[in-house]
Each structure stands twice: as C-alpha cells, then as structure tokens.
Amino acid sequence: MRFFSALLILLATPAQAEELTVVTWGGAYEAAQTTAIFAPFTAQTGIEITTARYDGSLTALKARADAEGWDVIDMLEPTAITACDAGLLAPLDHAALTKAPSDFAPAKLRRCSLPQNVFATVMAYAPDAFPGIKPTSIADFFDTARFPGKRAIRKSPDDILEWALLAEGVPPAQVYDLLSTDRGLRLAFRKLDQIRDHIIWWEDAADPPRILADGRASMASGYNGRFFAAQQAGDPLSVVWHGRIIGYEVWGIAKTTDAPEAARAFLRFATRPETMARLSERIPYGPARQSALPRIGLQPGTGIPMRDHLPNAPQHGPTYLVRDSLWHSHTTNLRQRRFEAWLADNGKGG
C-alpha cells in the first residue's frame with residue numbers, strides 16, 4: 001500500500017522542482033487566471049509559475065518563445081491551428097490529458113491545442129457620448145452620422161471584417177462563405193471605409209476599456225470579460241451583445257519547452273471542470289467543458305450570478321456569429337495582405 005501511495009504522489013506531482021512560464025494576455029483576464037488557475041496549481045503541485053504577456057500573434061510566438069523559455073501558451077484557436085501547422089507547438093496526446101473528450105463538444109480537440117474557454121468580441125460604448133438614442137446593433141458601430149465619435153478597433157482583420165458584413169445585413173450563416181470571395185472582401189473593406197477617419201487602433205486587449213474611459217473614443221471593439229471587469233471597477237460603459245463574435249481560447253505547449261511533463265500537468269489541471277468554473281466565476285468567459293457549466297455560481301466578493309454574463313447566455317439575443325477557426329487559420333496571410341493594403345490606401349493607414 002505504501003508503494004502505491006508513493007506512486008500516486010509522484011504521479012500527482014510530476015515535476016515538483018520545475019518551473020513553468022505561462023504566456024497570457026495580462027489585465028483583468030490574467031488576474032482572474034492567477035486566482036483561479038495559477039495559484040491553485042502551484043499550491044497542489046509545487047510547480048512555480050511565471051507569466052509572460054504577448055499580443056496573441058504568431059509573430060510574437062516565433063520571436064520570443066525559445067528566447068524567453070515559454071512553456072504553456074494561452075492562444076486563440078485559429079492562431080493555435082496555424083502555429084501547430086508551422087511546427088511551433090507540441091502535438092498533444094488528448095487521451096492522456098482528459099478522460100472525457102466528448103465533454104468538450106462542440107469545441108474541438110485539435111492536434112496541438114486543448115479548449116479552455118469561450119469568449120466574445122463585442123462592441124461597447126461610453127453612455128455619456130450618446131445622451132439620447134443609444135447604439136443597439138452592430139450597424140450602429142459603422143454609423144458615425146447617427147452616433148458620432150471615434151471607434152477603437154483591434155489592429156487586425158480579425159472580427160472587423162465579419163462585423164462589416166453583419167452591418168451590411170448579411171446573415172451570420174453566410175458571412176464566411178461571402179468572405180471567401182473577392183466580392184465579399186471588397187464589400188467588407190468598403191464598409192470599413194465608412195469609418196476610416198474615425199478609427200483608433202488598439203493592440204493590447206486591456207486598452208479598449210481605457211480608451212472609452214478617457215474619452216478618446218465613443219465606441220470600441222473588445223472582449224466581453226475585459227468590459228465586464230471595467231464595469232465592475234466603476235467605468236461607465238455599456239455593452240451591446242448584438243453581432244457578438246464567439247470564439248474559443250485554447251492552451252498549447254511550446255515546441256521548445258524544456259519542461260514538457262510539467263506543461264502537460266498544467267493542462268490537465270487547467271481544464272478540469274472545477275478549475276474552469278472557478279475562472280468563469282471571476283471573469284465571464286464560458287468554460288469549454290459542458291460539465292463545468294452547472295458548477296458556475298456567484299462571483300466571489302460581489303455575489304453576481306456569473307452564468308448570466310457568459311457570451312452564450314440566452315438573454316443576449318440570437319444575433320451572433322461563431323468564429324470559424326479553420327477559415328481564420330487558412331486565410332491568415334490573405335486577410336493580412338488585404339488589410340495592410342487597405343491600411344496603406346491613401347496614406348491614411350495605421
């Protein structure tokens with residue numbers, strides 16, 4: 001019995017002397033991860049975690065992963081697919097990481113990634129900017145005549161092209177088919193032309209709430225959890241759920257890691273239902289596992305029922321788009337070229 005007890009301890013703490021560098025996004029999101037995932041993982045395993053921040057790009061992964069000793073990376077699913085194809089991530093043995101793969105459906109267990117949470121890109125606005133009629137739809141984001149002011153947008157073709165077509169009245173089910181054509185891309189960029197002179201670009205996910213709070217823009221694109229955290233901190237901003245784009249965030253392991261076993265132990269811990277629910281109680285990103293949903297309760301300290309604030313809560317309305325991760329990963333270079341050409345057009349880009 002003593003032998004088996006000792007064996008179980010060894011299996012539960014595979015790399016007690018090791019440390020991990022976990023790469024994430026900073027801000028309120030990282031603060032929630034620290035409480036819900038990082039600190040409990042260290043308490044259970046003895047493995048210390050150091051965090052690094054990045055902008056989510058493949059460029060950063062290529063330039064920094066080996067030099068900075070990245071082990072585990074928090075990624076958007078399309079980027080993880082591309083990074084996996086490029087040999088930048090380690091392939092995963094999902095059978096060794098989870099005994100319940102069907103619990104992740106409809107999320108996909110892809111070759112180099114394990115789903116962790118569901119988020120949404122949403123629009124938010126500063127209520128003071130619109131004392132009368134308030135924005136209610138994604139079309140209002142492009143209507144600077146009716147709703148004047150600057151628009152803060154991530155400097156990327158991601159999501160804004162989908163929003164452009166939704167604002168033109170394209171049904172969500174047809175958006176990716178249309179964006180796969182030259183006609184669809186031209187239509188999207190023509191819509192973006194309408195707000196070209198009103199755009200403030202952001203690259204740090206923590207920026208949109210700050211830009212709204214200091215009055216540099218009247219509307220912004222951003223992630224629902226960041227806006228929720230800003231609201232809880234007292235920032236007067238409102239979120240519009242119409243046209244939200246729902247995506248998956250995943251964990252991946254850097255191909256260059258020198259602590260693969262500790263990294264796999266982290267993934268097993270981070271994707272437990274109880275761990276996922278603990279994160280969702282602190283920031284409203286939905287868990288990627290079905291069994292985690294009923295575990296989500298009230299936010300510690302405020303008593304807010306967090307399930308009501310998840311991107312897929314039914315009260316947010318039926319007009320939303322689920323991001324096609326494969327489409328995104330397969331069109332990255334094309335979209336980026338077209339986007340950069342649009343930015344440079346008339347010398348007004350950037």
Next on the checklist: Applying side chain to side chain contact (heavy atoms under 4.5 Å, CB included) to Phe147 and Ser218, what does each step give before you reach the verdict?
Outcome noted: CA-CA 8 Å; Phe147 299 101; Ser218 59; over 6 Å; no

Checklist entry - If Ile, Leu, Val, Met, Phe, Trp and Tyr residues are connected whenever their side-chain heavy atoms lie under 4.5 Å apart, and connections chain through other members, are Tyr320 and Phe228 in the same group? => result no

Checklist entry - Could you give the distance from OG1 (Thr35) to CD1 (Ile283), rounded to the nearest 0.5 Å? => result 10.5 Å

Checklist entry - Any link between Leu343 and Leu179 through a network of hydrophobic side chains (Ile, Leu, Val, Met, Phe, Trp, Tyr) touching at under 4.5 Å? => result yes

Item to check | Thr257 vs Trp70, side chain to side chain donor-acceptor pair (under 3.5 Å): CA-CA, chis, key distance, verdict | outcome: CA-CA 6 Å; Thr257 180; Trp70 291 5; over 6 Å; no

Checklist entry - Any side-chain hydrogen bond (donor to acceptor under 3.5 Å, both in side chains) pairs touching residues 286-315, not counting sequence neighbours? => result Asp103-Arg289, Asp103-Ser291, Gln299-Thr302

Checklist entry - Is there side-chain contact between Asp140 and Arg146, with at least one heavy-atom pair below 4.5 Å? => result yes

Checklist entry - For the residue pair Asp197 and Lys150, what are the closest heavy atoms and their distance? => result O-NZ, 3.1 Å

Next on the checklist: Quick one about Gln194 and Thr144 (side-chain donor to acceptor, distance below 3.5 Å, no hydrogens or angles considered), yes or no?
Outcome noted: no

Checklist entry - Are any of the side-chain nitrogens in Arg264 or Glu261 under 4.0 Å away from the carboxylate oxygens of its partner? => result yes

Item to check | Short N-O contact, Glu203 and Lys155, less than 4.0 angstrom | outcome: no

Checklist entry - Can you find a pair of side-chain heavy atoms, one from Asp258 and one from Asp71, that are under 4.5 Å apart? => result yes

Item to check | Minimum heavy-atom distance between Leu310 and Pro287, given as atom pair plus value | outcome: CD1-CD, 4.4 Å

Item to check | Stepwise side chain to side chain contact (heavy atoms under 4.5 Å, CB included) test for Arg323 and His328 | outcome: CA-CA 8 Å; Arg323 178 182 288 150; His328 266 262; 3.5 Å; yes

Checklist outcome for this item: Closest non-hydrogen contact found for Arg282 with Ala32 is CB-CB, 3.9 Å

Item to check | Lys134 atom NZ: more than 12 heavy-atom contacts under 6.0 Å | outcome: yes

Item to check | Gap separating the OG atom of Ser280 from the CD1 atom of Ile296, nearest 0.5 angstrom | outcome: 4.0 Å

Checklist entry - What pairs of residues pass the side-chain hydrogen bond (donor to acceptor under 3.5 Å, both in side chains) test when at least one of them lies in residues 74-88, not counting sequence neighbours? => result Trp25-Asp74, Tyr29-Asp74, Gln33-Asp74, Asp74-Gln116, Glu77-Arg110, Glu77-Ser325

Checklist entry - Is Leu161 reachable from Met123 through a run of hydrophobic residues whose side-chain heavy atoms are each under 4.5 Å from the next? => result yes

Next on the checklist: I'd like to check the side-chain hydrogen bond (donor to acceptor under 3.5 Å, both in side chains) partners of Thr121; sequence neighbours left out, ordered by chain and number.
Outcome noted: Asp159

Next on the checklist: Rounded at 0.5 Å granularity, tell me how far CG in Leu114 sits from CG in Leu92.
Outcome noted: 7.0 Å

Checklist outcome for this item: Separation between CZ (Arg244) and CD (Glu162), nearest 0.5 Å, reads 15.0 Å

Checklist outcome for this item: For Leu212 and Ala217, the nearest pair of non-hydrogen atoms, with its separation, is CD2-O, 3.5 Å

Next on the checklist: Strictly distance-based, threshold 3.5 Å: is any side-chain N or O of Asp207 a donor or acceptor partner for the main-chain N or O of Trp202?
Outcome noted: no

Next on the checklist: Is any side-chain heavy atom of Val122 closer than 4.5 Å to one of Tyr223?
Outcome noted: no

Item to check | Pair Trp251, Thr271: side-chain N/O donor-acceptor within cut-off below 3.5 Å | outcome: no

Checklist entry - Backbone N or O of Ala83 within a donor-acceptor pair of the Lys62 side chain at under 3.5 Å? => result no

Item to check | Closest non-hydrogen atom pair, Tyr54 against Ala60 | outcome: CD1-CB, 4.1 Å

Checklist entry - Is there a side-chain contact between Phe142 and His198 (heavy atoms, below 4.5 Å)? => result no

Checklist entry - Is there a donor-acceptor contact under 3.5 Å from the side chain of Thr181 to the main chain of Leu178? => result yes

Next on the checklist: Would the distance check show the side chain of Arg196 and the main-chain N or O of Leu192 forming a donor-acceptor pair, the cut-off being under 3.5 Å?
Outcome noted: no

Next on the checklist: Within the structure provided, determine whether Leu58 and Leu88 are in side-chain contact (heavy-atom separation under 4.5 Å).
Outcome noted: yes

For residues 229-242, dump all side-chain donor-acceptor pairs below 3.5 Å to protein atoms at least two apart in sequence or in another chain.
residue	atom	partner	partner atom	Å
Gln231	NE2	Leu237	O	2.9
His242	ND1	Ile138	N	3.2

Checklist outcome for this item: dist Ile81:CD1 -> Ser329:OG (nearest 0.5 Å) comes out at 4.5 Å

Checklist entry - Are Leu267 and Phe41 connected in the hydrophobic side-chain network, where two residues link if heavy atoms are under 4.5 Å apart? => result yes

Item to check | Pairs flagged by salt bridge (charged side-chain N to carboxylate O under 4.0 Å, His left out) wherever residues 327-340 is involved - sequence neighbours left out | outcome: Asp158-Arg335, Asp182-Arg338

Checklist entry - Are the side chains of Phe141 and Pro135 in touch, meaning some heavy atoms are under 4.5 Å apart? => result no

Checklist entry - Where do Arg154 and Trp201 land on the side chain to side chain contact (heavy atoms under 4.5 Å, CB included) test, with the steps shown first? => result CA-CA 6 Å; Arg154 184 185 176 198; Trp201 298 111; over 6 Å; no

Checklist entry - If we only count heavy atoms from C-beta on, is the Ile246 to Phe119 side-chain gap below 4.5 Å? => result no

Item to check | Distance (rounded to the nearest 0.5 Å) between Ile49 CD1 and Ile37 CD1 | outcome: 8.5 Å

Next on the checklist: Are the side chains of Arg278 and Pro40 in contact, using a 4.5 Å heavy-atom criterion?
Outcome noted: yes

Checklist entry - Where the side chain of Ser113 meets the backbone of Leu109, is there a donor-acceptor pair that is under 3.5 Å apart? => result no

Item to check | Heavy-atom pair with the smallest gap, counting every atom of Pro300 and Glu281 | outcome: CD-O, 3.5 Å

Checklist entry - Are Lys255 and Leu89 close enough, and set up right, to give a side chain to side chain contact (heavy atoms under 4.5 Å, CB included), and what steps lead you there? => result CA-CA 4 Å; Lys255 188 69 174 291; Leu89 297 179; 5.8 Å; no

Checklist entry - Do the ring planes of Phe266 and Phe38 sit parallel (below 30°), tilted (30 to 60°) or perpendicular (above 60°)? => result tilted

Checklist entry - Do Tyr176 and Leu334 share a hydrophobic cluster (ILVMFWY, side-chain heavy atoms under 4.5 Å, transitive)? => result yes

Next on the checklist: Regarding Asp193 and Arg190, does a basic nitrogen lie under 4.0 Å from an acidic carboxylate oxygen?
Outcome noted: no

Next on the checklist: Strictly by salt bridge (charged side-chain N to carboxylate O under 4.0 Å, His left out), give each pair with a member in residues 218-227 just once, sequence neighbours left out.
Outcome noted: none

Checklist entry - Quick one: does Glu19's side chain have a donor or acceptor within less than 3.5 Å of a partner on Glu48's backbone? => result no

